[in-house]
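Shown next, in structure tokens, is the structure this report addresses.
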Amino acid sequence: MAGFRLFDLNPEQDKAVRTIEGPLLILAGAGSGKTRVIIARTSYMLAQGVAPESILAVTFTNKAANEMRQRLSGMIEPERAKKVTMCTFHALCVRVLRQDIERLGYKKTFSIYDQGDQLGLIKKIITRTAARDEKLDPNVAKNLISKAKNSGWSEPRPGDEETLAAAVFARYQQELKTLNAVDFDDLLLLTVKLLNEHPDVRERWWRRFRYIMVDEFQDTNRLQLDLVSLLAKSPEHLPDQVPNVAVVGDDDQSIYGWRGAEVSNILEFEAHFSNPTVIKLEQNYRSTNIILGTANSLIKNNPRRRPKSLWSAQEGGEKVRIIGMQDDKQEAEFIVEEIQRRQTLEKLKWEDFAVLFRMNAQARLLEQNFRALKIPYRVIGGKSFFDRREIKDVLAYAACLLNPDDDVSLLRIINVPARGISDTTVEKATEWSIINRFSVFEAMKQEEFLNTLPSRTQNAIREFHNFLDEFETKLLEPLANQPAVLRSLVENSGYMKDLQRTCKTPDEWLNRETGIRDLLNSFEEYSGRTEKGLREFLDEMMLRQEQENEDDENNQGVSLITLHASKGLEFPIVYLVGVEEGIIPHDRSKVEGTGDEERRLLYVGITRAQKNLTLSFCRNRMKFGSAMHCMPSSFLKELDPELLDQQDVSEILTKPVTHESAADRFSAMRALLEGI
DNA sequence: TGCTTTATAGTTTTT
DNA sequence: CTATAAAGCA
């Protein structure tokens, strides 16, 4: 046991790995080897005789969960590794709810609605609810609802009834329930509710997971903390036992407050889990001390934080450059040209470079310049969203088979391809279904409703629901070949033909067809590999909305990435552009009082760099089509001047660097920064 | 039904 | 400026 030394760990990491009983807070600074610790700790627990089934590691993203799973199976026998639960919060909730959601009055066949489905439903409700003179942006409503749910309200707060938003919220929630659907927030909300209200269910899961780990704990919201507490703490009716819960995170990297994350979860961890062991991982394996010192000097200005100071064994390295640019055009030009130069001169790969920015809009100019010089680049995040119309359509067909009450999915495909069920018919069916408390699918089976329609429409509807019923029966047959059923459903629905017809170019058709083919193939593969069915497959598809960006071969080059999306990544050479007052910190942070989070955002950006970091700001910038004057970010003043090399682009371009001119520039720049 | 014109707003994003 | 959504039109 004392000889457990599979890993090369520093003393703090080692302590974190060996502390498996009781609450544990691991404050893992940027680049301090936190995933390593989680994996090592899991292996250690298994070596200590902990059953793999009783270990749960929760993450935020599928990417993180997959990476952990993979690294664990590379370290211990894959058969045992598989028995450890490593998944996202949402996937965990789906598992819990699929078993017992009936206790909350939903059916086990519930559908999961993504943002698009959610927005569609909200739009419909707004048009039904709002008076003529009232208007409510569906996206605003969606955010309000999400925020409310993440604070733990399943309905509007008392006293809010009059506002339109509250009315929409109430109707939305009620509607979801009749549709037998839940949105992403509900997955958390309902799981917490279930565990709260049903002690036996809670006890079962508590017995199941005796060792819990939470990754990126600084990003948890209220509900996620509640969920962890419910799973980790012994239920009231049982003798009190110390919860074995280890959370890993870094309060300095909390940058998702705007979507509900509560830094207080990590800052006040002791209030939620008493007498925890607290371990700080401050040794950084990523960057030079110059870069870390710059980061430290910035972040120490945040009032509410757990004091930490990153250090590295890597001494030396280049100073952090701060370059003042004339405008954003020059900034992009300069950086792209410099990257080109350095790539050849220093024999680097394009992948070694990253350009970070606050807003996606800033990527455009950079892209133009990269393209002009034929430098390969990839934009991480941004658009290229999960909205593939054809994929969503096929998934909607599948969702209808599994949950006939799912009106949103049904209405999506009811007349795709056109089968004689017009908008007005759908409108009538919806109306009738609301009045008579049926789902639309049920409503369309009622003779009473059908009789109100012209006979041609009646036939169209009958044909359609016979069609769906037929496939539903096939799907639910024991030993059914589900992938084949889905394939023939898509084929026989006439969807493919219709899709081909509406595609304007052969290229587009090929693209969309391949998408569907890939989807069907991956279900087939999934079905063969796991013995799970369409239900589980669909769940996974709904919960995997991430961009399929990743490192496929044809998608390499210089990374262009927002500060938010850069968290967790690292690059030898980093350019951080647009470090201006109004951008970082963003103008809005001033009214919203989120200046600390802006500082953390810059901190995250700085700590992405391994060897070399350049910050730049512009004196003028095109904003909404017109040139605006701008000032350097006030954060620049906070950086340790000892570690900086401050320059102006005009001087770099006109003359070679001498020590005297560097000193002159330095004082000129100080004066400029002080003057803010 | 599908297309063009006009209005409007304009961080950050995963599940 | 420019992306997107609603409104207007053939």
Side-chain angles (χ1 to χ4, degrees), chain A residues 58-65 87-94 112-119 123 126-127 135 137-140 142-143 146 149-150 182-189 191 215-216 219-221 223-224 227 254-261 328-329 356-365 368 380-387 415-418 422-424 501-502 504 539-547 549 561-568 578 580 582-592 594 597-598 600-602 604-605 621-628:
Chain A
V58 228
T59 62
F60 276 83
T61 64
N62 292 301
K63 191 182 162 203
C87 65
T88 63
F89 274 103
H90 296 263
L92 175 69
C93 291
V94 171
I112 300 169
Y113 279 7
D114 67 14
Q115 305 250 19
D117 303 325
Q118 201 183 355
L119 198 64
K123 276 182 189 162
I126 289 176
T127 49
K135 51 175 182 280
D137 182 345
N139 274 301
V140 171
K142 194 188 76 179
N143 290 336
S146 177
K149 286 188 179 184
N150 281 310
V182 303
D183 62 25
F184 287 143
D185 298 318
D186 281 338
L187 289 173
L188 294 167
L189 186 66
T191 304
D215 190 23
E216 304 281 15
D219 291 336
T220 50
N221 63 30
L223 283 176
Q224 285 155 338
L227 178 61
S254 163
I255 54 174
Y256 287 109
W258 52 274
R259 65 177 198 211
D328 49 344
K329 208 167 151 250
L356 311 190
F357 37 81
R358 176 64 221 264
M359 294 173 291
N360 288 119
Q362 294 173 264
R364 171 170 290 154
L365 257 181
Q368 283 171 13
I380 302 182
K383 33 176 182 36
S384 79
F385 263 73
F386 38 84
D387 278 320
N415 208 30
V416 181
S422 69
D423 274 359
T424 38
R501 189 181 58 81
T502 51
K504 288 195 187 97
D539 282 351
E540 280 190 33
M541 293 303 293
M542 296 308 289
L543 293 182
R544 199 175 51 213
Q545 306 262 164
E546 94 273 12
Q547 287 124 139
N549 243 316
I561 186 169
T562 63
L563 289 166
H564 281 94
S566 75
K567 199 174 72 163
E580 291 141 37
I583 295 188
I584 338 178
H586 195 274
D587 272 333
R588 274 210 199 166
S589 71
K590 280 167 195 154
V591 279
E592 286 168 7
T594 52
E597 187 155 308
E598 296 290 306
R600 293 193 288 261
L601 195 52
L602 184 57
V604 165
R621 169 178 296 279
M622 289 301 273
K623 226 175 188 179
F624 308 146
S626 52
M628 297 282 287

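Please read all numbers here as calculations on a predicted model, not as lab measurements. Letters A, B, ... mirror the listed sequences (proteins, then strands); counts begin at 1.
The CZ-C1' distance, from A:Arg358 to B:dT13, rounds to 12 Å in whole Å. Distance CG (A:Leu119) to P (C:dT4): 14 Å, rounded to an integer number of Å. Taking atom NZ of A:Lys142 as the reference point, atom P of B:dT15 lies 14 Å away to the nearest angstrom. A:Arg501 has its CZ atom 11 Å from the C1' atom of B:dG2, to the nearest Å. Distance NE2 (A:His586) to P (B:dT11): 5 Å, rounded to an integer number of Å. Rounded to an integer number of Å, the gap from CD of A:Gln368 to P of C:dC1 is 14 Å. Atom C1' of nucleotide B:dT12 and atom CZ of A:Arg600 are separated by 13 Å, given to the nearest angstrom. Separating the CH2 atom of A:Trp258 from the P atom of B:dT11 is a distance of 12 Å, rounded to the nearest angstrom.
Nucleic acid contact for A:Glu598: base, since at least one base atom lies under 4.0 Å from a heavy atom of the residue. No contact: A:Gln362 has no heavy atom under 4.0 Å from any strand. Using a 4.0 Å heavy-atom criterion, one finds that A:Phe60 contacts the sugar-phosphate atoms exclusively.
For A:His90 and B:dT15, the ring-to-base geometry does not satisfy the stacking test (centroid distance below 5.5 Å, interplanar angle below 30°).
Between A:Asn415 and A:Ala565, it is A:Asn415 whose nearest contact on DNA chain B lies nearer the 5' terminus.
Once rounded to the nearest 0.5 Å, the distance linking OG1 of A:Thr88 with NZ of A:Lys63 reads 15.0 Å. Annotation: the span from A:Ile112 atom CD1 to A:Asp539 atom CG amounts to 4.0 Å, rounded to 0.5 Å.
Comment: A:Asp183 does not engage A:Lys142 in a salt bridge, judged by the lack of any side-chain N to carboxylate O separation of less than 4.0 angstrom.
Here A:Asn62 does not reach the OP1 or OP2 of B:dT14: none of its side-chain N or O atoms lies under 4.0 Å away. Contact annotation: A:Asn360 side-chain N/O to C:dA3 OP1/OP2 distance is not under 4.0 Å. Contact annotation: A:Thr562 side-chain N/O to B:dT11 OP1/OP2 distance is not under 4.0 Å.
Comparing B:dT13 with C:dT4, their P atoms are spaced 15 Å from each other, to the whole Å. B:dT12 and C:dA5 have their P atoms separated by 15 Å, given to the nearest Å.
Glycosidic conformation of B:dT11: syn, with the torsion inside 90° of 0.
Closest to the side chain of A:Lys123, from the set C:dA6, B:dT11, B:dT13, is C:dA6. Distances from the side chain of A:Arg588 to the nucleotides B:dT12, B:dG10, B:dT15 place B:dG10 closest.
Aromatic pair A:Trp258/A:His586: centroids not less than 6.0 angstrom apart.
No donor-acceptor pair under 3.5 Å is formed between the side chain of A:Arg358 and the backbone N or O of A:Ile584. Distance alone, capped at 3.5 Å, places no donor-acceptor pair between the A:Ser146 side chain and the A:Asn143 backbone.
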